Amino acid sequence: MRLVIAQCSVDYIGRLRAHLPLATRLLMVKADGSVLVHSDGGSYKPLNWMSPPASLRIITPDEADTELGVTEVWNVQHAKSDDRLVINIHELIHESSHDLGVDPGLVKDGVEADLQRLLAEQIHLLGAGFTLVRREHMTAIGPVDILARDAAGATVAIELKRRGDIDGVEQLTRYLELLNRDPLMSPVRGVFAAQQIKPQARVLALDRGIECLTLDYDMMRGVDDVDSRLF
């Protein structure tokens, strides 16, 4: 990766046109051919960029640009379109290159599959006397995350989400409608479980007779000492 801090102006020419006036910015040139223009703000999002596949050519400015103080011009051309990023460098303040190697990619923690596995292993969190029937119980419209039985032997369908919203409640409602058509299972009640449940989703779930369960992921995986909490 090549990192350049420079006084520069930037023009994007193509389906859309955009101009960034002269200012100090960070230019990132990645090994995949992408070029990104950052300011000292705006979080992770660049001010402008060119996605790969693209090629970068550094050319000498013409006489008119030289009189305006341009020392070099970066011409970034997209390989599959006429889109072009033109960066006029007025002053190079810093430049460095780094070999980052092969990135292993993002490993997500706390995804729904992890929640499903942990809740299946800790089915008692649903209540005393609960037993696991199976994970991923298939229906005609997709799998129910967990099928269980309560202390009275009644069937319970559990839908798991990291963040529970109305769509998740609607999904569980459809599963319950199908499951309750089976006389060997009916009556089946539902539990909507998530790390966070939005207020609107909770209201809709309770209105439809669906219980809500908020899951503490850290506690479930044993990295949160509940006894040492102040509140």
Side-chain angles (χ1 to χ4, degrees), residues 30 32 34 43-45 51-52 100-231:
K30 296 187 177 182
D32 63 2
S34 56
S43 187
Y44 65 91
K45 188 174 181 180
S51 301
L100 303 185
V102 178
D103 191 274
L106 178 66
V107 179
K108 293 184 178 179
D109 189 22
V111 296
E112 290 173 20
D114 295 322
L115 287 171
Q116 184 189 115
R117 174 181 56 81
L118 288 168
L119 187 57
E121 294 170 356
Q122 302 171 46
I123 200 69
H124 63 275
L125 293 176
L126 292 168
F130 268 75
T131 56
L132 176 69
V133 176
R134 65 175 60 89
R135 295 167 55 185
E136 298 287 333
H137 176 76
M138 187 56 65
T139 74
I141 58 172
V144 176
D145 288 327
I146 291 178
L147 203 65
R149 294 195 186 279
D150 63 16
T155 305
V156 182
I158 300 100
E159 180 65 26
L160 283 159
K161 300 292 182 186
R162 289 190 64 198
R163 294 178 179 83
D165 56 20
I166 286 177
D167 287 344
V169 177
E170 295 285 4
Q171 183 179 359
L172 179 54
T173 300
R174 292 191 293 271
Y175 288 149
L176 290 172
E177 183 181 348
L178 281 175
L179 293 171
N180 275 301
R181 294 177 186 174
D182 186 343
L184 297 178
M185 285 190 176
S186 180
V188 183
R189 62 187 177 92
V191 175
F192 188 52
Q195 289 178 269
Q196 298 175 351
I197 300 177
K198 293 184 178 180
Q200 301 93 325
R202 187 179 295 274
V203 169
L204 179 62
L206 296 178
D207 183 67
R208 293 182 176 179
I210 296 171
E211 298 174 39
C212 292
L213 175 65
T214 302
L215 300 174
D216 188 331
Y217 178 64
D218 286 339
M219 183 196 71
M220 292 173 71
R221 62 188 183 133
V223 299
D224 182 26
D225 185 358
V226 178
D227 295 331
S228 65
R229 290 182 183 173
L230 295 177
F231 51 86

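In this text the structure is predicted, and so the values were computed from the model without any measurement.
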| query | Of all heavy-atom pairs between R135 and A113, which one has the smallest distance, and what is that distance? | reply | NH2-O, 4.2 Å

| query | Just how far is it from atom CD of Q195 to atom CG of D216, taken to the nearest 0.5 Å? | reply | 8.5 Å

| query | With sequence neighbours excluded, what pairs up with R149 under the side-chain hydrogen bond (donor to acceptor under 3.5 Å, both in side chains) test? | reply | T155

| query | CG of L215 to CG of L115: how many Å apart, nearest 0.5 Å? | reply | 6.0 Å

| query | Do I210 and L172 come close enough that some side-chain heavy atom pair is under 4.5 Å? | reply | yes

| task | Report the residues that fulfil side-chain contact (heavy atoms from CB on, under 4.5 Å) with S34, sequence neighbours left out, ordered by chain and then residue number. | result | K30, D32, L36, P52

| side-chain contact (heavy atoms from CB on, under 4.5 Å) involving Q122 - partner list, sequence neighbours excluded | L118, H124, L125, M220

| How far apart are the C-alpha atoms of E112 and K161, what are their side-chain angles, what is the distance that settles it, and do they pass the side-chain contact (heavy atoms from CB on, under 4.5 Å) test? | CA-CA 6 Å; E112 290 173 20; K161 300 292 182 186; 3.7 Å; yes

| Test applied, side-chain contact (heavy atoms from CB on, under 4.5 Å); reference residue, V169; option that passes from D165, T173, D167 | T173

| field | Distance, nearest 0.5 Å, that separates CD of Q171 from CG of L176 | value | 11.0 Å

| request: Take E121 and R221, measure what salt bridge (charged side-chain N to carboxylate O under 4.0 Å, His left out) needs, and give me the verdict at the end. | output: CA-CA 10 Å; E121 294 170 356; R221 62 188 183 133; over 6 Å; no

| task | Look only at the side chain of D114 and the backbone of R117, and say whether a donor-acceptor pair between them is shorter than 3.5 Å. | result | no

| field | Atom pair CZ (F130) and CD1 (I146), whose distance is rounded to the nearest 0.5 Å | value | 11.0 Å

| Separation of R134 CZ from E136 CD (nearest 0.5 Å) | 11.5 Å

| message | Which heavy atom of Y175 sits nearest to which heavy atom of P143, and what is that distance? | response | OH-O, 3.2 Å

| Does T214 have any side-chain contact (heavy atoms from CB on, under 4.5 Å) partners at least two apart in sequence or in another chain, and if so, which? | I197, R202

| field | Pair listing, salt bridge (Lys or Arg N to Asp or Glu O under 4.0 Å) test, anchored in residues 176-196, at least two apart | value | D150-R189, E177-R181, R189-E211

| When V144 is tested against each of L179, V156, V133 for side-chain contact (heavy atoms from CB on, under 4.5 Å), which residue passes? | L179

| Counting N and O atoms only, with roles assigned by atom type, does the side chain of N180 sit under 3.5 Å from a partner on the main chain of S186, one being a donor and the other an acceptor? | no

| query | Out of V191, L160, L132, D145, which residue meets the side-chain contact (heavy atoms from CB on, under 4.5 Å) rule with L119? | reply | L160

| query | Which residues pass the side-chain contact (heavy atoms from CB on, under 4.5 Å) test with V203, sequence neighbours left out? | reply | none

